[in-house]
Amino acid sequence: MYNVFLVDDETILLEGIRSKIDWESIGLNFVGEATDGEIALSMLQELKPDILITDVKMPFMDGLELSSRIKKTQPWIKIIILSGHDEFEYAKKAISIGVEDYILKPFTADEVIESLKKACIQIDKERSQLSDISKMKEELKSQNKLMQKDFLNNLVHGELDFDSVFEKSANLGIDLQSNFYRILISKIESNNEDPQELQHACSLINSYSSAWSHALSFFHHNNLLVCILKGKDKSELEENTFHIAETIDHIVSKNHNCKVISAIGRTVENIKEISNSYADAKKIQEITKSEKSVIISSDDIDINNTDLLNLKENNPLVERLKYAGKSEIPSLIEESLALIRNNPGQFQFFASYLLVDLIFAVSKLVENFGGDLKKENPEMIQRSFIDNAVASEEIFVSKMQTILNFALDYRDSKLTSRYGTIILKAKDYIEKNYSDQNTTLTSVAEFVCLSPNHFSTIFSQECNITFIEYLTNVRIEHAKQLIKNTEMKGYDIAYECGFSDPHYFSYIFKKNTGLTPREYKSSITTAETGATD
């Protein structure tokens, strides 16, 4: 199903479109609405719908400006413009932006449905074209594309003559001029190791990447995308970088069997330093093991202070623990058992030695992330722990599993856990301001001093829920309490909980609970009556 988002400052019109269209019957999912372009922009950053329906004339940010900005950042979105102004200039500008359709007011529900169906057909057609792997391969075969790829690859590896780098880039049609640069590396993987699914996801990204402004990208390997991001200032660059990382994640997530690990290097001011940002992103890729898609920045893990790759240890286990995934735990244990079995009659001696060796490696790993094993897992460093662990081979294997699981969980948790305080601060702000209709992704991100896209990324990764889903859940839970404990009218509850339109509140309430506010009130009354009886 395709997702649809609606923007109009006329609440009656919003309700009319929302309620008069049977969304599921035409294969669509209504995911949200807003009454002006500014609020919509914040929500669209999170929801990333397939189709946007927007009015032209709105306060703060009109529909054409909203459409123009969305087309630059989310080019796949099909836009349908609603307008009461039968003027050529509006239509001409809408066409130049690349909107899908332009509907004049007054209109009927059937006209909107027809326009939506046309948009769906266009989406299907484009996705079919984008999934044509041969198109991607033919494009990569062109001489100029190959030369550009080689040039950019040499640039990120620091293998160019930087005295003539701008001249060479200009000759290849590449604009490298900028104040700041940052590298993003995205590794696309298929969970079931299906090469066709992987190629399909990479093909979609390759096709959409040409529309990204301020970004130069190429596939270093079949599934490794490298992006060179440019920006006139650091804040703009950060916003663009996280937006593109989230866009890649969104494209890949269309296939539930694929995931993407995106790593972001440091921001640099000189083109000669691009290789440093690339090195950061590459290191993050190498140490990141995740069962799901993640976006991790050098800012997230402070790579200069906790660089696993700079460990100077002779113990090979330290090196293994830098990159090992949980799937490797059985083989690590089996290697230890093989050593023990090659020395029959000396089980306790070799088992004790191997456990001490492993605990030492884990201690160095924890220390490298700024922790102390004495505080993180004091039991592990007790002599009694070793003595108990070598009582039998079965217990030895169990203790090794415990130690290795702890080590890998600790390592992975430290990749993003530095944002725990920020998330708590954001949740506290939401709890205090959920009733304000202006509480949005942008306003909360500003409160915690992060860019909206960066905040959106870490919030969803830390909380396993998007910001908008969380905010909506908070509002719905407070609405439940008001329905249960007061005699307030539905429209008063809607406004009290931060909803601008009572009808939209009813729609969202039923979507989340399965009941309308009135039905929910009745169910509580019935339950209380039954309990009394």
Side-chain angles (χ1 to χ4, degrees), residues 1-87 90-127 250 437 440 468 472 499-501 503-508 511:
M1 295 182 74
Y2 296 134
N3 295 330
V4 180
F5 190 90
L6 180 59
V7 191
D8 201 303
D9 61 330
E10 297 180 39
T11 55
I12 295 176
L13 190 145
L14 282 174
E15 183 194 353
I17 295 178
R18 184 198 329 116
S19 61
K20 291 182 180 179
I21 294 177
D22 185 353
W23 299 97
E24 290 189 7
S25 69
I26 56 174
L28 296 172
N29 181 32
F30 185 81
V31 295
E33 64 181 42
T35 53
D36 72 71
E38 277 192 347
I39 294 175
L41 190 63
S42 177
M43 296 177 73
L44 289 166
Q45 286 177 317
E46 276 262 298
L47 294 172
K48 296 180 174 60
D50 301 290
I51 301 172
L52 167 65
I53 304 176
T54 179
D55 190 18
V56 169
K57 298 287 283 184
M58 294 183 295
F60 306 112
M61 181 188 294
D62 66 31
L64 293 180
E65 184 182 350
L66 173 64
S67 299
S68 179
R69 294 179 67 168
I70 285 299
K71 273 296 181 182
K72 290 177 181 177
T73 57
Q74 301 181 49
W76 66 81
I77 294 182
K78 298 303 169 193
I79 300 174
I80 299 170
I81 293 285
L82 308 176
S83 176
H85 304 270
D86 188 8
E87 297 179 9
Y90 280 105
K92 187 169 72 172
K93 186 170 181 182
I95 291 169
S96 69
I97 291 170
V99 303
E100 196 65 23
D101 207 353
Y102 191 92
I103 304 176
L104 292 176
K105 298 177 183 178
F107 50 79
T108 64
D110 287 340
E111 288 180 279
V112 177
I113 291 171
E114 187 61 31
S115 183
L116 287 166
K117 287 181 176 178
K118 286 194 296 183
C120 291
I121 291 171
Q122 186 61 26
I123 293 172
D124 290 336
K125 181 180 177 181
E126 287 183 5
R127 289 189 178 176
H250 177 73
Q437 296 172 21
T440 63
I468 287 179
T472 300
F499 293 93
S500 60
D501 177 20
H503 299 286
Y504 182 56
F505 162 65
S506 296
Y507 173 83
I508 290 295
K511 193 173 183 179

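In this chain, residues are counted from 1 in sequence order.
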Could you walk me through whether L66 and L52 pass side-chain contact (heavy atoms from CB on, under 4.5 Å), step by step? CA-CA 10 Å; L66 173 64; L52 167 65; 4.2 Å; yes
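- The side-chain heavy atoms of E33 and D501, taken from C-beta on, include a pair separated by under 4.5 Å.
- In this structure, CG on L116 lies 13.5 Å from NZ on K78, to the nearest 0.5 angstrom.
- No side-chain heavy atom of L14 sits less than 4.5 Å from a side-chain heavy atom of H503.
- Interatomic distance, CG of D8 versus CD of E15, reported as 12.5 Å (0.5 Å rounding).
- Applying the side chain to side chain contact (heavy atoms under 4.5 Å, CB included) test to K48 and every residue at least two apart in sequence or in another chain returns Q74, W76, E246, H250.
- Once rounded to the nearest 0.5 Å, the distance linking CG of D36 with CE of M61 reads 8.0 Å.
- In this view, T472 and I468, I476, I508, N512 satisfy the side chain to side chain contact (heavy atoms under 4.5 Å, CB included) rule, not counting sequence neighbours.
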Stepwise, does the side-chain contact (heavy atoms from CB on, under 4.5 Å) test hold for L82 with L13? CA-CA 10 Å; L82 308 176; L13 190 145; 4.0 Å; yes
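- Under the ring pair (Phe, Tyr, Trp, His ring centres under 6.0 Å) criterion, the residue pairs touching residues 24-63 are W23-F30, F30-Y507, with sequence neighbours excluded.
- Nearest heavy-atom pair across N29 and M1 is N-CE, 4.0 Å.
- A pairwise comparison of heavy atoms in M58 and G63 identifies CE-N, 3.6 Å as the closest pair.
- Taking 4.5 Å as the limit, every side-chain heavy atom of Y2 sits out of range of all side-chain heavy atoms of V4.
- Interatomic distance, CG of L64 versus CD1 of I97, reported as 5.0 Å (0.5 Å rounding).
- In this structure, the separation between OG on S83 and CZ on F107 is 10.0 Å, given to the nearest 0.5 Å.
- Put simply, the residue from L28, I79, I77 that forms a side-chain contact (heavy atoms from CB on, under 4.5 Å) with I51 is L28.
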